[in-house]
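Accompanying notes for the structure given below.
Proteins get letters first, then strands, A, B, ... in listed order; numbering begins at 1 in each.
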Number of protein chains: 2
Amino acid sequence: MNLDNTDLQLLALIQSDDSISIEVMASHVGLSKTPCWRRVQKLESAGYIKRRVALLDAEKFGLGVSVFVQVKTNQHDANWSEDFARTVSAFPEVVEFYRMAGEYDYLLRVLVKDIPAYDRFYKRLISATALTDVTSNFAMEQIKWTTQLPLPTLSKE
Amino acid sequence: MNLDNTDLQLLALIQSDDSISIEVMASHVGLSKTPCWRRVQKLESAGYIKRRVALLDAEKFGLGVSVFVQVKTNQHDANWSEDFARTVSAFPEVVEFYRMAGEYDYLLRVLVKDIPAYDRFYKRLISATALTDVTSNFAMEQIKWTTQLPLPTLSKE
DNA sequence: TTTGAAAAGTGCCAGTT
DNA sequence: AACTGGCACTTTTCAAA
């Protein structure tokens, strides 16, 4: 499937605000309701749109602290990796989890209320995974956080 | 405003899937349409729900590489920090941006197509900010990524 | 492919328990 | 507080251009 400028406009629109009606979307991209609706359906069934969610305000729940956890390991066989991935992913506090190139093997972003809450998480993590080499870096401030992908800019025609 | 179990259930529901109708939500939490709708309205106007968005599939756009960029600086006055925050935030490739405690001053997550694309971004970043101490760490695999906050578990009553 | 309008489904409000 | 019923509006389908 090939996307044209109108598709990209629609995607840019709904990844920034999905609460607008089809009618409003249609007028933004210069279409009428039906063809606009059909494009969105198509983008959804083709998998460009993965899901529609509400983003909650972390501050309201006291979840003000992001901790970046760097993990080094000497275990590298496939079974261990799978177990590790599953175990770590199961923690709801782990909101991001990457396998890295370079010095550290894994990077986690952990979202907690405060330092004591992180300490409790940390202990549970260590005991669940038997990790030894773990470095924690605390974020003081979240300057930017977005779910919006950097989409290709519109081509002229 | 105080949240009860029903509110937390509703929030957990819509932060995982916002495409369901009020009616379906209502049946999930054991309410009928109107009170359910009223609760959601209230949660929205109280700011617990920040926005509703569509999450797009990064792979479909070839955005397969996350790069974590650690930045050290010796500039620390307020003006410089504000300028820096504004300049860096303006890059659409920068999807996350934190001010850190500890060894590094800032951490960025940059979302790009491949290594050459990162190199192009890197050059633009350097020339826009006059940074000197920059370390880039590449993610090989995104094992987990979620927008779902770890909400407090439901209390008994 | 688009348009316009009908059918189906939701969101929203009033009155009531 | 919550439920029932109903109107208005939006989404979805479909026939015709």
**Prompt:** What is the ring orientation for A:Tyr106 with A:Phe97, classed by angle as parallel under 30°, tilted 30 to 60°, or perpendicular over 60°?
**Reply:**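 Taking A:Phe97 first and then A:Tyr106, their aromatic rings sit tilted (interplane angle of 30° to 60°).
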Charged N to carboxylate O under 4.0 angstrom, [X] versus [Y]?
X: A:Lys50; Y: A:Glu44; result: no
X: A:Asp18; Y: A:Arg52; result: yes
X: B:Glu93; Y: B:Arg124; result: yes

**Message:** Using the side chain to side chain contact (heavy atoms under 4.5 Å, CB included) criterion, which residues pair with B:Asp7? Sequence neighbours excluded.
**Reply:**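 Counting only residues at least two positions away or on another chain, B:Asp7 forms a side chain to side chain contact (heavy atoms under 4.5 Å, CB included) with B:Leu3, B:Asp4, B:Arg39, B:Leu43.
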**Message:** List the residues meeting side chain to side chain contact (heavy atoms under 4.5 Å, CB included) with B:Lys60, not counting sequence neighbours, and say none if there are none.
**Reply:**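 With sequence neighbours excluded, B:Lys60 shows a side chain to side chain contact (heavy atoms under 4.5 Å, CB included) to A:Tyr48, B:Asp57, given in chain and number order.
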**Message:** Under 4.0 Å, heavy atom to any atom of DNA chain C: which of residues 11-18 of chain A qualify?
**Reply:**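 The stretch gives none, as no residue of it lies under 4.0 Å from the strand.
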**Message:** Contact list please: residues 28-42 of chain A against DNA chain C, heavy atoms, distance less than 4.0 Å, in numerical order.
**Reply:**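 Within residues 28-42 of chain A, the residues near DNA chain C are A:Ser32, A:Thr34, A:Pro35, A:Arg38.
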**Request:** Would you kindly give the CG-to-C1' distance between A:Asp4 and C:dT1, to the nearest whole Å?
**Result:**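 After rounding, the gap between these two atoms is 13 Å.
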**Item:** salt bridge (charged side-chain N to carboxylate O under 4.0 Å, His left out) against B:Asp119, all qualifying residues, sequence neighbours excluded
**Value:**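 Here the qualifying residues are B:Lys123.
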**Message:** Could you work out, with salt bridge (charged side-chain N to carboxylate O under 4.0 Å, His left out) as the rule, every residue matching A:Glu103, not counting sequence neighbours?
**Reply:**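 With neighbours one apart ignored, the set is A:Lys72.
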**Asked** Under a 4.5 Å side-chain heavy-atom rule over Ile, Leu, Val, Met, Phe, Trp and Tyr, are A:Leu111 and A:Phe121 clustered together?
**Response**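 No, separate clusters.
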**Request:** With sequence neighbours left out, write down each residue that passes side-chain hydrogen bond (donor to acceptor under 3.5 Å, both in side chains) with B:Ser19, or none if nothing qualifies.
**Result:**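 If we apply the side-chain hydrogen bond (donor to acceptor under 3.5 Å, both in side chains) test to B:Ser19, skipping adjacent residues, the hits are B:Asp17.
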**Request:** Look at the side chain of B:Lys144 and the backbone N and O of A:Val94, then say whether any donor-acceptor pair between them is shorter than 3.5 Å.
**Result:**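 Side chain of B:Lys144 to backbone of A:Val94, a donor-acceptor pair under 3.5 Å: yes, one is there.
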**Prompt:** Members other than B:Phe68 in its cluster, when Ile, Leu, Val, Met, Phe, Trp, Tyr link by side-chain heavy atoms under 4.5 Å?
**Reply:**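 Listed partners: A:Val53, A:Leu55, A:Phe68, A:Tyr98, A:Met100, A:Leu107, A:Trp145, B:Val53, B:Leu55, B:Tyr98, B:Met100, B:Leu107, B:Trp145.
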**Message:** With heavy atoms of chain A within less than 4.0 Å as the criterion, where does contact along DNA chain D begin and end?
**Reply:**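 Going 5' to 3' along DNA chain D, contacts run D:dT10 to D:dC14.
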**Message:** Does anything in residues 45-56 of chain B come within less than 4.0 Å of DNA chain D? Heavy atoms only, and list the residues if so.
**Reply:**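 Residues of residues 45-56 of chain B under 4.0 Å from DNA chain D: none.
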**Flag side-chain contact, heavy atom, 4.5 Å: B:Asp114 against B:Val112** =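 No, too far: nothing below the 4.5 Å cut-off.
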**Any side-chain heavy-atom pair of B:Ile49 and B:Ile14 under 4.5 Å** =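 Side chain of B:Ile49 against side chain of B:Ile14, heavy atoms only: contact under 4.5 Å found.
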**Asked** Stem ranges for DNA chain C, with three or more consecutive Watson-Crick or G-U pairs under 3.5 Å?
**Response**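 Consecutive-pair runs (3 or more) involving DNA chain C: C:1-6 with D:12-17, C:8-17 with D:1-10.
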In residues 134-141 of chain B, what donor-acceptor pairs under 3.5 Å come from side-chain atoms, sequence neighbours left out?
| unit_1 | atom_1 | unit_2 | atom_2 | d |
| --- | --- | --- | --- | --- |
| B:Thr135 | OG1 | B:Tyr104 | OH | 3.4 |
| B:Ser136 | OG | B:Tyr118 | OH | 2.6 |
| B:Asn137 | ND2 | B:Gln70 | OE1 | 3.4 |
| B:Glu141 | OE1 | A:Arg99 | NE | 2.8 |
| B:Glu141 | OE1 | A:Arg99 | NH2 | 3.3 |

